[in-house]
Amino acid sequence: MYPARFRYEAPTSLDAALGLLRTYGDEAKVLAGGQSLVPMMKLRFATPELLVDINGLPDLGYHEVHDGALEVGALCRHVDLEYSASLDLWPLVASAAPLIADPIVRNRGTLVGSVCHADPQGDWASVLLALDGSIVAASPTGRRVVPATEFVTGPFQNALLPGEIAVAARLPVPTGTPYGRYLKLERRVGDFATVGVAVALELAGSTVMSAGIALTGVGANNIKAIAAEQVLAGSALEPDVVEEAARLAAEAAQPRTDHRGSADYKRHVVRTFVTRALERTPVAV
Amino acid sequence: MEKRSVTVTVNGTVRTAEVEPRLLLAHLLRQGLGLTGTHIGCDTTNCGACTVLVDGTPVKSCTMLAVQTDGHEVRTVEGMAQASELHPVQEGFREEHGLQCGFCTPGMMMSAMALLQRNPDPSEEEVRWALSGNLCRCTGYQNIVKAVLWAAAKMKPAEV
Amino acid sequence: MTQLDEVRIGGLGASRKRVEDARFIRGRGNYVDDIVLPGMLHMEILRSPVAHARIKSIDTSKAWEIPGVRLVLTGEMAAQRNLAWMPTLSYDTQAVLATDKVRFQGQEVACVVADDPYIAKDGCEAIVVEYEPLPAIVNPRQALAADAPVIRDDKEGQTDNTCYSWEVGDKAATDRAFEQADVISRLSLHYPRSHPSPIENCGAVASFDPATEKLTVYMTTQAPHIIRAAVALVAELPEHMIRIVSPDIGGGFGNKVPVYPGYVCAILCSILLGTPVKWIEDKSGNLISTGFARDMYFDGELALRKDGRILGVRFHADTDQGAFFSDAQPSKFKIGLVHSAFACYDVPVGHITARGAYTNKAPGGVAYRCSFRVTEAMFFQERLVAAAAADLGMDPAEFRRINLVRDEQFPYRTPFGFLTDSGQYQRCLSLGLAAIGYEQFLRDKEEAAKNGRRLGIGISTMTEPLGAGNSREYDILGIKMFDSAELRVHPTGKAILRTGAKTQGQGHETTWAQIVAHELGIPAADVIVEEGDTDTAPFGMGTYASRSTPVAGAAVAMVARKIRAKARKLAAHLLEVSEEDVEWELGRFYVRSAPARGVSIQECAAAAYGNMPDGMEPGLENNAYYDPPNLTWPFACYLVTVEVDPETGVWDVLRTVAVDDCGVRINPMIVEGQIMGGLTEAYAMSNMQFITFDADGNCVGSNYMDYLLPTAWETPGFELHEVVTPCPHHPLGAKGVGECAAVGGPAAFVNAVLDALSDTGVRNIDMPLLPDRVWEAINTGQDVSGAPPVRS
């Protein structure tokens with residue numbers, strides 16, 4: 001309930017923030033939404049020496065198209081996406097946003113922060129994987145773009161180098177007609193996903209140009225179901241193709257048996273959710 | 001340990017305090033400023049009893065550091081009523097028996113107030129969705145929903 | 001002559017708006033954590049991370065070095081003052097701070113008092129404890145196995161993990177009934193461990209004043225007088241020098257009845273330091289260490305005639321008591337009132353055996369709106385009834401119609417010795433079936449099945465014993481379970497009422513005044529109600545087990561009648577007639593032969609201070625201690641319809657219908673609020689909420705991420721109906737109701753889900769019916785148990 005002591009800085013520029021991280025390295029943690037970090041600090045699971053509060057950095061609360069992608073700034077809150085009027089081309093994002101945590105947490109928590117936190121039961125990382133998204137990391141020497149597939153490196157571990165701050169997520173503008181759906185099995189609002197499935201398609205007419213499928217809560221990290229994606233590409237979502245994709249997605253899952261259910265159960269839910277997400281595509285047969 | 005100065009406007013009044021960075025906003029309000037209407041119910045950011053409005057937005061004050069409110073505005077249950085006149089949400093809770101032990105009520109009302117700001121005419125479903133971050137153990141929520149809808153009706157501008 | 005409108009003055013039956021709300025909606029409640037005393041320090045508790053271990057060493061030196069730390073208390077230090085152990089409300093002992101061993105994960109090991117709670121927590125983190133782990137026992141079967149390690153090796157003569165044994169009924173007659181049976185229905189199930197988990201956690205501000213040697217403790221308690229007696233016993237302080245004040249309580253549900261080590265530590269620390277000490281636990285501490293609920297294993301059978309009549313019932317219950325037997329329940333009944341099972345059915349014979357086992361878990365069992373284990377009894381009853389109907393191939397509503405006690409059978413003696421005295425069971429059932437559209441739903445269900453959809457309907461009917469209880473049979477720690485009320489009417493006819501009960505959201509400040517309004521015609525708004533301060537409140541046993549309306553409420557009526565009796569004499573004096581010529585109507589005495597001549601109750605009050613007849617003692621006040629002649633027996637019929645998603649196991653509630661007969665309703669609005677709260681807890685337990693343990697005794701469900709309370713989003717809507725069968729012995733005809741829905745509700749939800757699975761042959765899924773359990777049941781056709789250890 002009571003965090004251990006720490007130092008606190010609230011820089012007002014990105015350069016100042018980066019400077020603090022360079023000085024303090026591993027001892028520093030970045031505070032954005034704080035809806036994952038502060039609870040961990042209250043339980044003393046996280047005890048950083050220095051907290052770098054980036055909420056005062058300007059111009060990071062946006063989400064808008066920039067250079068061929070929807071760019072979600074580091075201070076764009078879940079609630080901004082939940083009520084956004086500009087997500088027509090990213091229906092998976094619109095579908096997932098209301099399912100993150102609970103409405104009050106959504107007022108503070110950020111998509112970028114959530115992905116950086118890399119909780120295996122975190123939802124946004126699956127969205128990024130399904131959409132072939134990326135994270136923009138800033139450092140004193142400039143920016144680099146890290147694909148989602150490389151960004152999460154383990155439970156609660158990400159690919160940011162020492163001294164880097166994630167400043168945005170990027171989700172490519174689809175070339176085809178986009179369809180997307182996030183299905184989450186949670187025992188109640190605010191629960192972590194027992195199983196989460198992100199499905200994103202780009203369609204040309206009734207043909208699938210490309211597919212993205214990613215899974216939450218059924219592995220050491222969010223899993224991109226590549227084989228399932230490949231079987232859908234070029235198809236017209238015929239029933240046997242949908243069935244095969246669902247089967248392959250379940251096969252890609254690596255769930256553990258625990259108090260949320262057996263591994264078999266979780267695989268079955270993956271299969272069911274992939275099927276349902278695909279069957280509800282407007283052009284599904 | 002170094003303390004930092006925090007200047008925060010609470011219920012319309014500018015307050016200044018010297019706090020440790022680790023002090024949670026909930027404790028600044030309750031212990032530092034004597035505003036005990038905001039309650040603490042859990043230690044994992046789940047229950048929402050501690051909900052206050054920061055710059056008009058519901059926030060769980062147990063999951064925000066006091067230092068983060070420097071230069072911002074906070075509204076608590078003590079700031080809902082204008083002098084002796086209750087806010088319609090408060091009235092609604094009394095009219096519709098939307099509380100029993102009263103412990104979750106301040107946080108619940110904060111979320112309700114913010115909902116009606118954003119959506120003055122919510123459906124029952126929208127009310128339940130908006131309040132799904134606030135736990136109640138006593139009422140079973142049905143009367144809370146009625147209370148919020150009562151307030152919404154009262155807050156509608158009068159028909160011309 | 002004015003005829004007062006009883007509803008207008010806030011009497012019986014008025015849905016009076018609550019007096020309490022005025023402060024709560026302004027955030028001006030006065031909960032324990034809101035209390036600040038000059039010089040107050042803060043206490044935090046260090047808890048054991050392991051379930052069962054010897055303590056090899058405790059090093060507190062680093063904690064003492066932290067600036068702002070004032071005291072570090074260990075079991076050894078408490079032992080020097082004979083306070084390392086304390087007696088429980090069940091005649092066992094419980095560790096205050098561990099000395100030799102820790103016996104459950106989360107057990108109190110040490111505590112730190114500091115200038116603020118942050119520093120106190122730093123102090124706890126700085127204490128180094130060396131543990132030598134021992135094997136953990138996480139269920140009664142393990143506990144009672146031949147080779148199980150003895151958990152309570154502190155108790156002389158304790159050679160195994162048996163906590164108690166108990167038996168009731170007629171074994172021989174019951175066995176004969178079973179020999180006659182055409183069909184025997186069997187069912188085994190586990191009612192999982194749950195936790196009342198009010199949103200407000202437990203806490204105390206203990207203030208020992210060295211100058212006056214008086215101890216004042218502000219405390220989250222539902223039973224301040226019991227606590228005062230217990231503290232007198234434990235701290236060896238004289239009872240008159242102890243003041244327990246229970247201010248506003250943020251929900252109790254039985255969690256705030258036991259005496260917890262944190263309270264004792266806070267008191268001891270205050271005595272040692274001579275300053276006030278505040279201890280407020282966090283939610284994790286509350287869930288992992290305070291009085292849990294349920295955790296009972298049933299094996300039972302119904303003997304049935306082929307026409308559906310029940311010939312007899314027998315069952316065995318094992319309870320998981322945790323590491324200490326600390327239940328707050330009437331002392332004669334080791335397993336509470338579980339033998340009230342089947343009280344609503346006409347059952348001629350029965351036999352029950354029960355056994356309690358010590359395990360490496362927090363102590364408890366009796367809590368969470370359970371009416372003293374009646375939640376378990378009624379859940380098993382209705383689950384066994386559902387199984388019996390299925391075994392007979394009989395419609396479950398019809399099975400109940402055949403077996404429910406009929407109106408003309410009252411008073412009815414159950415096979416376990418209870419006397420039920422009133423009810424209209426058949427009428428309630430019919431009303432419920434009509435309200436939910438039973439016949440139509442069965443047709444809809446059949447139609448839906450053709451499209452692969454699984455719909456189900458569940459029924460639960462029960463009567464339960466509320467209002468413990470008569471002094472012949474009921475006591476806690478040797479104190480009988482009466483309750484009390486003290487009423488003082490002021491010269492202007494306003495009044496102050498104090499009772500021995502303690503509201504935690506039930507609205508006593510509103511409803512008790514309504515009783516006074518009913519009896520005396522004084523407007524409820526003119527009556528202030530106070531509870532919870534042992535220096536001012538008459539002695540009472542507190543509020544839990546739905547006993548307040550039946551017992552304290554009766555005391556309020558009785559004291560008001562004593563006042564009215566004296567007022568009658570004053571009226572006769574004022575009207576210059578003899579008492580026999582005086583009649584009463586609400587708020588007024590009048591001359592029978594000249595009704596226009598009368599005096600108000602307010603005029604009588606003034607006369608009590610300014611115009612008494614010769615020889616009459618001045619003043620208008622009295623008290624009443626009420627020893628209830630019997631329990632009260634509300635009846636309820638709950639019906640739930642659900643749809644189950646066979647691919648995910650997720651189930652949604654379609655409708656919930658409740659028919660409650662709790663006799664005369666003092667405040668209908670408040671009664672309905674209690675029912676809805678109880679139904680929500682029933683839904684929670686059936687759907688998502690439980691505490692379990694892994695094989696090492698690690699607690700799963702010790703914080704709000706894992707212990708799931710439903711939100712407004714999941715919680716269904718409720719349709720409430722009422723029947724009123726007055727209680728024949730209660731002064732107002734009222735019965736208890738606060739726990740009925742939590743008692744009867746869960747079986748309705750569970751029966752509904754299992755009904756949706758009726759083609760699979762699955763007979764039981766232990767609560768909570770989590771999606772993965774439901775899915776497993778559908779796919780394997782096997783029953784699903786939820787007993788610990790949980791798989792991991």
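Excluded from the calculations below are hydrogen atoms, water molecules and symmetry mates; all remaining heavy atoms, backbone and side chain alike, are included. Note that the structure is a prediction, hence the values are computed from the model and not measured. Naming: A, B, ... by sequence-line order, numbering from 1 per chain.
In this structure, no portion of Pro117(C) lies under 4.5 Å from any heavy atom of chain B. Both the backbone and the side chain of Thr711(C) come within less than 4.5 Å of a heavy atom of chain B. Glu95(B) touches chain C through backbone and side chain together, each having a heavy atom under 4.5 Å away. No part of Glu20(C) comes within reach of chain B, as not one of its non-hydrogen atoms sits under 4.5 angstrom from that chain. His87(B) does not touch chain C: none of its heavy atoms, backbone or side chain, sits under 4.5 Å away. Neither the backbone nor the side chain of Ala81(B) comes within less than 4.5 Å of any heavy atom in chain C. Contact annotation for Glu96(B): neither backbone nor side-chain heavy atoms come within less than 4.5 Å of a heavy atom of chain C. For Asp34(C), the parts lying under 4.5 angstrom from a heavy atom of chain B are both the backbone and the side chain. Contacts between Pro67(C) and chain B at a heavy-atom distance below 4.5 Å are absent for every atom of the residue. Residue Leu287(C) does not touch chain B at all, counting heavy-atom pairs closer than 4.5 Å. With a threshold of 4.5 angstrom between heavy atoms, Asp33(C) approaches chain B through its backbone and through its side chain. Neither the backbone nor the side chain of Leu35(B) has a heavy atom closer than 4.5 Å to any heavy atom of chain C. Both the backbone and the side chain of Arg94(B) come within contact range of chain C, with heavy atoms under 4.5 Å apart. Neither the backbone nor the side chain of Ser15(C) comes within contact range of chain B, judged by heavy atoms closer than 4.5 Å. For Phe253(C), the part lying under 4.5 angstrom from a heavy atom of chain B is the side chain only.
The two atoms that bring Ser284(C) and Asp43(B) nearest to each other are OG-OD2, 2.8 Å, heavy atoms only. Nearest approach of Gly250(C) to Cys101(B), heavy atoms of both residues: C-SG, 3.4 Å. Between Ser132(B) and Trp713(C), the shortest heavy-atom contact is CB-CB, 4.0 Å. Between Phe103(B) and Ile199(C), the closest heavy-atom pair is CD2-CG2, 3.7 Å. The shortest non-hydrogen separation linking Pro710(C) to Tyr141(B) is O-OH, 2.7 Å.
In this structure, the side chain of Arg128(B) does not engage the main chain of Glu714(C) through any donor-acceptor pair within 3.5 Å. Within the 3.5 Å criterion, the main-chain N or O of Met676(C) finds no donor-acceptor partner in the side chain of Gln142(B).
Of all the listed residues (Gly673(C), Gly717(C), Gly678(C)), the one sharing the greatest number of non-hydrogen pairs under 4.5 Å with chain B is Gly673(C). Of the residues considered (Gly285(C), Pro198(C), Pro196(C), Pro716(C)), Pro196(C) shows the highest number of contacts with chain B, using heavy-atom pairs under 4.5 Å. Note on Leu679(C), Ile670(C), Asp248(C): by heavy-atom pairs under 4.5 Å with chain B, the leading option is Ile670(C). Most heavy-atom pairs under 4.5 Å with chain B, from the set Asn201(C), Thr680(C), Asp21(C): that is Asp21(C). When Leu131(B), Leu99(B), Val89(B) are compared by the number of non-hydrogen pairs under 4.5 Å with chain C, Leu99(B) comes out ahead. Per-residue counts of heavy-atom pairs under 4.5 Å with chain C were compared for Cys47(B), Cys138(B), Cys136(B), Pro106(B); the largest is that of Cys138(B).
The distance from atom NE2 of His97(B) to atom OG1 of Thr510(C), rounded to the nearest 0.5 Å, is 8.5 Å. A distance of 4.0 Å separates CG of Asp122(C) from CZ of Arg22(B), quoted to the nearest 0.5 Å. Residue Cys42(B) holds its SG atom at 10.0 Å from CG of Leu709(C), rounded to the nearest 0.5 Å. In this structure, Lys283(C) NZ and Cys62(B) SG are separated by 12.0 Å, a value rounded to the nearest 0.5 Å.
Under the 4.5 Å side-chain criterion, counting only non-hydrogen atoms from C-beta, Glu681(C) is in contact with Arg137(B). Looking at Arg26(C) and Leu86(B), their side chains come closer than 4.5 Å, going by heavy atoms from C-beta outward.
In the displayed structure, Glu65(C) atom CD is contacted under 6.0 Å by more than 12 heavy atoms of other residues, nucleotides or ligands. Within 6.0 Å of the CD atom in Gln117(B), the count of heavy atoms belonging to other residues, nucleotides or ligands does not exceed 12. The environment of CZ in Arg655(C) is crowded: more than 12 heavy-atom neighbours from other residues, nucleotides or ligands sit within 6.0 Å.
Screening residues 36-47 of chain C for salt bridge (Lys or Arg N to Asp or Glu O under 4.0 Å), with sequence neighbours left out, gives Arg47(C)-Glu108(C).
For the residue pair Gln674(C)/Gln100(B), the side-chain donor-acceptor check at 3.5 Å is satisfied. For the 3.5 Å distance criterion, the side chains of Asn703(C) and Thr44(B) fail to qualify, holding no donor opposite an acceptor.
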Decide side-chain contact (heavy atoms from CB on, under 4.5 Å) for Leu135(B) and Tyr704(C); before the verdict, give the C-alpha distance in whole Å, the side-chain angles of both, and the deciding distance to 0.1 Å. CA-CA 10 Å; Leu135(B) 295 178; Tyr704(C) 265 4; 3.9 Å; yes

Check the pair Leu23(B), Tyr118(C) against side-chain contact (heavy atoms from CB on, under 4.5 Å), reporting the backbone distance first and the verdict last. CA-CA 8 Å; Leu23(B) 185 74; Tyr118(C) 286 72; 3.7 Å; yes

